[in-house]
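Read the structure below first, then the notes.
This structure is a prediction, so every number in the text was calculated from the model and none was measured. Note: hydrogens, waters and symmetry copies are ignored here, and every other heavy atom, side chains too, is used. Each ligand, and each atom within it, is numbered from 1 in the order the structure gives.
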Amino acid sequence: MHFVVCIKQVPATTSVQIDSKTGTLKREGVESIINPFDEYAIEEGIRLKERVGGKTTVISMGPPQAEQALREALSRGCDDAILLTDKAFAGADTWATSYTLSRGIKMLSEPADLIICGKQASDGDTAQVGPSLAEMLDIPHVAYVRKIVEVKPGYIKVERMLEDGIDILEMSLPALVTVVKEINTPRLPSLKTMLAAKKKQVHYWNKETINAEEDKIGLKGSPTQVMKIFYPPARSGGERITGADAKEIVNKLIQKLSSHGII
Ligand SMILES: Cc1cc2nc3c(=O)[nH]c(=O)nc-3n(C[C@H](O)[C@H](O)[C@H](O)COP(=O)(O)OP(=O)(O)OC[C@H]3O[C@@H](n4cnc5c(N)ncnc54)[C@H](O)[C@@H]3O)c2cc1C
């Protein structure tokens with residue numbers, strides 16, 4: 001079976017600075033890592049291959065430095081890596097990102113049986129790309145998967161995490177799942193897989209390779225428009241209620257709340 005894992009390279013920090021002139025994030029000089037949720041997607045892709053046989057391909061859309069994330073996935077045991085990279089992909093919103101990934105996946109020499117995404121990215125944080133990619137590929141999907149109970153050609157059974165329990169769902173394959181961190185514990189690369197990865201190549205695919213329609217990629221193909229990007233104003237401190245003891249403080253608080261009509 002063919003397992004395809006989508007990974008995104010993200011800044012290693014949640015405090016990326018904003019360029020006030022361009023309204024974009026300042027990514028230069030910021031260390032990059034694999035999106036933390038995608039670590040679980042990679043691990044699951046490798047485990048499934050080990051469980052039922054086949055191969056695991058890892059794919060990312062991003063600038064050339066995203067090769068580093070793909071190399072890391074290869075060193076853990078993925079078999080093949082594709083980097084969708086082209087200046088024309090820059091400025092993509094989640095729609096254009098999903099379209100570009102869908103074109104890349106359609107171009108794979110061996111069709112994907114199961115596509116695995118992380119639950120969400122730590123920078124964009126929308127959790128839209130997985131479901132949107134499944135729609136563009138016209139295949140079923142389940143989000144928040146915490147366990148793959150069974151997988152075999154044409155069939156998958158999964159557990160979806162809910163706030164108050166789980167759903168057990170079956171789908172026909174090909175399908176897509178987005179996974180939560182409860183699904184596994186990601187492994188570290190072993191010496192054997194690291195040495196094997198050194199011989200592997202990361203394939204660079206551009207807009208021509210994936211036969212992408214110009215008006216569906218990058219900024220031009222993005223229906224979302226960022227009107228303004230800014231830091232929210234810092235909150236001024238609230239009023240501190242003091243008193244000799246807890247009883248006095250509570251009484252003052254009750255008076256305050258009732259004077260504002262809150263209680
Ligand atoms: C108008 C606009 C312009 C933008 N311009 C840029 C820009 O120039 N550069 C930029 O980096 N971002 C840009 N973004 C942000 C970009 O759209 C999102 O980061 C991207 O679409 C992924 O969405 P997300 O981060 O919310 O991922 P989520 O939907 O939260 O990710 C869920 C999962 O989808 C998969 N996934 C997500 N993105 C990728 C990817 N690129 N490759 C492979 N798998 C992936 C991963 O498995 C991930 O765990 C822009 C956004 C807007 C609205």
Side-chain angles (χ1 to χ4, degrees), residues 3-12 14 16-19 22-28 30 32-45 56-70 72-73 78 81-105 107-108 112 114-137 141-145 176-181 183 186 202-205 210 212 216-229:
F3 303 101
V4 175
V5 182
C6 298
I7 67 167
K8 183 181 184 192
Q9 196 184 45
V10 296
T14 47
V16 178
Q17 300 294 305
I18 295 168
D19 185 326
T22 59
T24 56
L25 303 182
K26 286 185 194 167
R27 290 167 192 268
E28 301 79 33
V30 181
S32 296
I33 54 166
I34 295 175
N35 172 41
F37 279 106
D38 300 348
E39 301 264 359
Y40 302 91
I42 293 170
E43 177 63 27
E44 204 55 27
T56 305
T57 298
V58 66
I59 186 165
S60 186
M61 183 198 87
Q65 68 257 31
E67 175 174 344
Q68 193 194 333
L70 292 166
E72 172 72 26
C78 291
I82 316 279
L83 177 58
L84 304 174
T85 192
D86 195 308
K87 283 209 166 75
F89 298 154
D93 66 2
T94 55
W95 177 275
T97 302
S98 308
Y99 170 76
T100 308
L101 285 171
S102 76
R103 290 302 314 159
I105 289 169
M107 286 294 156
L108 293 170
L114 181 67
I115 298 160
I116 310 169
C117 293
K119 181 182 81 139
Q120 69 198 78
S122 61
D123 57 349
D125 222 15
T126 66
Q128 288 176 2
V129 170
S132 166
L133 173 58
E135 287 301 317
M136 288 186 185
L137 291 169
H141 83 274
V142 174
Y144 302 104
V145 168
L176 181 148
V177 290
T178 75
V179 299
V180 292
K181 61 182 170 43
I183 196 163
V202 172
H203 305 279
Y204 276 53
W205 289 2
I210 63 170
K216 291 189 177 169
I217 54 173
L219 196 57
K220 216 162 90 178
S222 298
T224 321
Q225 286 183 12
V226 179
M227 305 309 286
K228 190 177 170 189
I229 188 162

Would a distance-only check, ignoring hydrogens and angles, find a side-chain to backbone donor-acceptor pair under 3.5 Å from Asp38 to Ala41?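 Side chain of Asp38 to backbone of Ala41, a donor-acceptor pair under 3.5 Å: no, none is there.
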For Gly45, does its backbone N or O pair with a side-chain atom of Thr56 as donor and acceptor, under 3.5 Å? yes
Take Cys6 and Val129, measure what side-chain contact (heavy atoms from CB on, under 4.5 Å) needs, and give me the verdict at the end. CA-CA 10 Å; Cys6 298; Val129 170; over 6 Å; no
Go through the steps to decide whether Ile7 and Asn35 satisfy the test side-chain contact (heavy atoms from CB on, under 4.5 Å), and finish with yes or no. CA-CA 7 Å; Ile7 67 167; Asn35 172 41; over 6 Å; no
Considering residues at least two apart in sequence or located in another chain, which fulfil the side-chain hydrogen bond (donor to acceptor under 3.5 Å, both in side chains) criterion with Glu67? Arg71, Tyr204
Taking atom CD1 of Ile82 and atom CD1 of Ile210, what is their separation to the nearest 0.5 Å?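 So the gap between those two atoms works out to 11.0 Å.
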Protein residues near ligand 1, heavy-atom distance below 4.0 Å? Cys6, Ile7, Lys8, Arg27, Asn35, Asp38, Ile59, Ser60, Met61, Gly91, Ala92, Asp93, Thr94, Thr97, Leu101, Cys117, Gly118, Gln120, Ala121, Asp123, Gly124, Asp125, Thr126, Ala127, Gln128, Val129, Thr224, Val226
